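Start at 1 and go down the list; that is how both ligands and their atoms are numbered. A quick note: this is a predicted structure, and the numbers were derived from the prediction, not measured.
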Amino acid sequence: MANETIKRDVVILGSGPAGLTAAIYTARANLKPLLIDAPADAEKQTAPGGQLMITTDVENYPGFGEGIQGPELMHEFRKQAQRFGTEFMEAWIREVDLSERPFQLYTDSVTISTETLIIATGASAKWLGIPGEAKVPDGFGGNGVSACATCDGPLPAFRKKVLVVVGGGDTAMEEATFLTRYAAKVYVVHRRDKLRASKIMQDKAFQNEKIEFIWNTTLEEILGTPEDGVTGVRLRNLQTGEESVFDCAGVFVAIGHKPNTDLFKGQLDMDDVGYLKTSGHSTATNIPGVFACGDVQDSVYRQAVTAAGTGCMSAIDAERYLDHLPVAMPSGDEVTIEGEHITPDHKAIITPDGHMIPNTDERESV
Ligand SMILES: Cc1cc2nc3c(=O)[nH]c(=O)nc-3n(C[C@H](O)[C@H](O)[C@H](O)COP(=O)(O)OP(=O)(O)OC[C@H]3O[C@@H](n4cnc5c(N)ncnc54)[C@H](O)[C@@H]3O)c2cc1C
């Protein structure tokens, strides 16, 4: 039972690149944001700092000519957010009530009441759960095992090497095709004898001479040492039960992502996979005053820089909303904190009690 209520104008959920960028902007705008982050939990794949805490080299975040280690980058993000007065709270939010403003967020001991909510809870890569996949010392995560080809494919450890991609959907075909730019050869290991990927993605992969398929097969273990990284994988043929060792220098697990949105089911609009729906022109969700940024609303790009970019957008959207300015909604309407809806053609304003008035200088009831 909650025994304390904290009131805020801006609450941010999640401390990855999106949440921390939203914190930097809202803190600099004097909105005194409270950033709530889930404690580190290996099973739920949450970690203060987000997904980049489990990787090593980040070579594509602008501003770091020599690259930077993921945890170090996130430390810098956090320092910058702290510098402008962001307040941090480590807590599990077990329930949210977004039915009216102020919105209510509940932990086991505290209720947080907020005028605006910025959701930056990210998405978690799905993993196989096999030996060798986890972080060192139990595995080689960040040292030969990845869930992001765009992020890690160009790293020296994978260049001109034999790589394995696991999966049979669009993501796996995309990852495999991308990796052929750098790798000597890419083997797609799939547990069935046909792919789930769309025809166009399949055709692209089949036509690529650097891609080969290992059908009806699963990965049982990733082999190597923490010092040298991945040296191979142990495979099992599902038809014969036969096991074999296959030499490779890297494994890309491409079996999908799960956006961290369970908390918002039934309250916020999501796509079939669970990604939050936002307006094309803002980070507004279907509930006025609730904004979403980063991987939690982006099934396409999923990069630190795009997460940071939308984190900035969320902060500016929240600021506009609190300043009584209209913010674009997924429906195409714009909405103000007073609950006025401006129609997509900007010709009319619908007041909270349902009256429609023309959006002109001389407003009259119609
Ligand atoms: C192995 C790996 C390597 C990568 N390398 C690169 C790279 O080189 N370059 C690049 O640009 N991108 C890279 N990425 C992708 C990049 O990490 C993500 O695009 C980025 O972190 C997304 O940022 P985010 O803020 O949206 O979410 P995340 O970084 O996922 O952060 C989400 C935050 O929300 C918190 N959270 C989750 N659920 C809750 C909850 N219920 N309540 C409170 N908090 C919650 C988590 O603890 C976490 O702090 C990599 C990803 C992985 C997995």
So the atoms of ligand 1 within less than 4.0 Å of a heavy atom of G14 turn out to be 33 (C), 34 (O), 35 (C)
Which one of R94, R302, Q303 has a non-hydrogen atom at the shortest distance from atom 10 (C) of ligand 1?
-> Q303
Does Y275 have any side-chain hydrogen bond (donor to acceptor under 3.5 Å, both in side chains) partners at least two apart in sequence or in another chain, and if so, which?
-> R302
In terms of atom number and element, which parts of ligand 1 are under 4.0 angstrom from non-hydrogen atoms of G294?
-> 26 (O)
Closest heavy-atom pair and its distance - L31, L322 | CD2-CD1, 4.1 Å
Mark up the atoms of ligand 1 that fall under 4.0 Å of a heavy atom belonging to A120, in ascending order.
-> 32 (C), 33 (C), 34 (O)
What do you reckon, are the aromatic ring centroids of Y25 and F84 less than 6.0 Å apart?
-> no
When the ring planes of Y61 and F64 are compared, do they come out parallel, tilted or perpendicular, using 30° and 60° as the limits?
-> tilted
For R8, which residues count as a salt bridge (charged side-chain N to carboxylate O under 4.0 Å, His left out) partner, sequence neighbours excluded?
-> E87
State the atoms of ligand 1, each with its element, that fall below the 4.0 Å cut-off from a heavy-atom position in N60.
-> 7 (C), 8 (O), 9 (N), 10 (C), 11 (O)
Counting heavy atoms only, which of A307, G16, P17 is nearest atom 21 (O) of ligand 1?
-> P17
Taking atom 34 (O) of ligand 1 as the point of reference, which of T150, T121, D152, V296 owns the nearest heavy atom?
-> T121
Any C151 side-chain heavy atom under 4.5 Å of Q303 side chain = yes
